[in-house]
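These values consider heavy atoms only, across backbone and side chains, with no hydrogens, waters or symmetry-generated copies. All values reported here derive from a predicted model rather than from experimental measurement.
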Amino acid sequence: QVQLVESGGGSVQAGGSLRLSCAASGRTFSSYAMGWFRQAPGKEREFVAAISWSGGSTYYADSVKGRFTISRDNVKNTVYLQMNSLKPEDTAVYYCAAQKGSTWYHAAKPDYWGQGTQVTVSS
């Protein structure tokens with residue numbers, strides 16, 4: 001069992017930056033690929049970014065490519081999402097997700113989810 005807790009959300013003006021953190025606990029030494037999703041009111045949850053267990057491979061949605069950076073620190077069991085040049089359309093609840101295995105599979109359902117953290121970007 002893995003528990004994920006997000007932090008770092010908040011309100012920021014357009015063009016600003018935020019860094020989200022996702023701390024994992026309760027897991028053993030097995031490997032997990034990690035990802036970030038977001039959901040705006042009235043819309044479906046969408047994929048944002050993912051990273052392999054080793055950190056060697058990353059994946060980004062086209063809407064955030066070049067602005068967001070996902071990284072991880074396996075010693076601290078923490079995944080980060082650095083969000084730069086934020087836009088009002090980035091406003092959403094951001095969720096951290098864990099997927100069993102070393103490689104992230106977009107078509108597969110994540111095995112664990114965090115509670116979500118609100119990100120609000122004002123124009």
Side-chain angles (χ1 to χ4, degrees):
Q1 186 75 268
V2 173
Q3 183 175 352
L4 306 175
V5 180
E6 302 98 331
S7 62
S11 298
V12 65
Q13 292 185 329
S17 299
L18 284 174
R19 189 181 76 161
L20 305 183
S21 298
C22 174
S25 62
R27 66 179 180 178
T28 59
F29 295 100
S30 59
S31 61
Y32 293 89
M34 303 294 294
W36 288 94
F37 292 76
R38 66 186 182 186
Q39 186 169 21
K43 296 185 178 180
E44 293 186 343
R45 188 171 299 184
E46 65 175 344
F47 170 80
V48 176
I51 188 168
S52 63
W53 178 80
S54 67
S57 298
T58 57
Y59 310 90
Y60 298 95
D62 289 340
S63 59
V64 306
K65 194 172 298 181
R67 299 187 298 119
F68 291 10
T69 302
I70 187 171
S71 61
R72 69 189 299 164
D73 185 337
N74 287 352
V75 175
K76 297 182 178 180
N77 290 324
T78 301
V79 179
Y80 305 95
L81 184 67
Q82 178 67 47
M83 305 185 294
N84 298 326
S85 301
L86 283 164
K87 305 175 181 179
E89 49 263 46
D90 294 319
T91 296
V93 176
Y94 283 71
Y95 297 90
C96 177
Q99 189 177 93
K100 294 179 181 178
S102 60
T103 303
W104 176 267
Y105 293 94
H106 183 73
K109 182 179 179 180
D111 297 292
Y112 304 99
W113 292 93
Q115 83 288 350
T117 185
Q118 177 70 48
V119 172
T120 302
V121 184
S122 60
S123 60

I want to know whether Tyr59 and His106 have ring centres closer than 6.0 Å.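 No, they do not, as the ring centres are separated by 6.0 Å or more.
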Take Trp113 and Cys96 through the side-chain contact (heavy atoms from CB on, under 4.5 Å) test and state the conclusion after the steps. CA-CA 6 Å; Trp113 292 93; Cys96 177; over 6 Å; no
Which atom of [X] lies closest to which atom of [Y], heavy atoms considered:
X: Ser123; Y: Ala14; value: CA-CB, 4.3 Å
X: Ala33; Y: Ser102; value: CB-O, 4.2 Å
X: Ser71; Y: Ile51; value: CA-CD1, 3.7 Å
X: Ala61; Y: Phe47; value: CB-O, 3.4 Å

Nearest 0.5 angstrom please: [X] [atom1] to [Y] [atom2], how far?
X: Gln118; Y: Glu6; atom1: CD; atom2: CD; answer: 12.0 Å
X: Ile70; Y: Ser57; atom1: CD1; atom2: OG; answer: 11.5 Å
X: Met34; Y: Thr58; atom1: CE; atom2: OG1; answer: 15.0 Å
X: Ser25; Y: Leu4; atom1: OG; atom2: CG; answer: 8.0 Å
X: Thr117; Y: Leu18; atom1: OG1; atom2: CG; answer: 9.0 Å
X: Asp111; Y: Gln1; atom1: CG; atom2: CD; answer: 10.0 Å

Residue pairs involving residues 79-100 (criterion side-chain hydrogen bond (donor to acceptor under 3.5 Å, both in side chains); sequence neighbours excluded):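 side-chain hydrogen bond (donor to acceptor under 3.5 Å, both in side chains) check on residues 79-100 returns Ser17-Asn84, Arg38-Asp90, Arg38-Tyr94, Arg67-Asp90, Gln82-Asn84.
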When you measure from the side chain of Thr78 to the backbone of Lys76, do you find a donor-acceptor pair of N or O atoms at a distance under 3.5 Å?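 Looks like yes, one N/O pair under 3.5 Å.
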Between Asn74 and Ser54, is there a donor-acceptor pair closer than 3.5 Å when you use the side chain of the first and the backbone of the second?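 Between the backbone of Ser54 and the side chain of Asn74 there is no qualifying donor-acceptor contact (under 3.5 Å).
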Please go through Val75's hydrophobic cluster and name the other residues, only I, L, V, M, F, W, Y counting, with side-chain heavy atoms under 4.5 Å joining them.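 Once heavy-atom contacts under 4.5 Å are chained together, Val75 still belongs with nothing else.
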In terms of the angle between their ring planes, are Phe37 and Trp104 parallel, tilted or perpendicular, with boundaries placed at 30° and 60°?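 Rings of Phe37 and Trp104: tilted, as their planes differ by 30° to 60°.
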So Met83 and Val119, do their side chains get closer than 4.5 Å, heavy atoms only?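 A side-chain contact exists here, since the closest heavy-atom pair is under 4.5 Å.
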Among the clusters formed by ILVMFWY side chains lying less than 4.5 Å apart, do [X] and [Y] turn up in the same one?
X: Leu86; Y: Tyr60; answer: yes
X: Val93; Y: Tyr112; answer: no
X: Leu20; Y: Val12; answer: yes

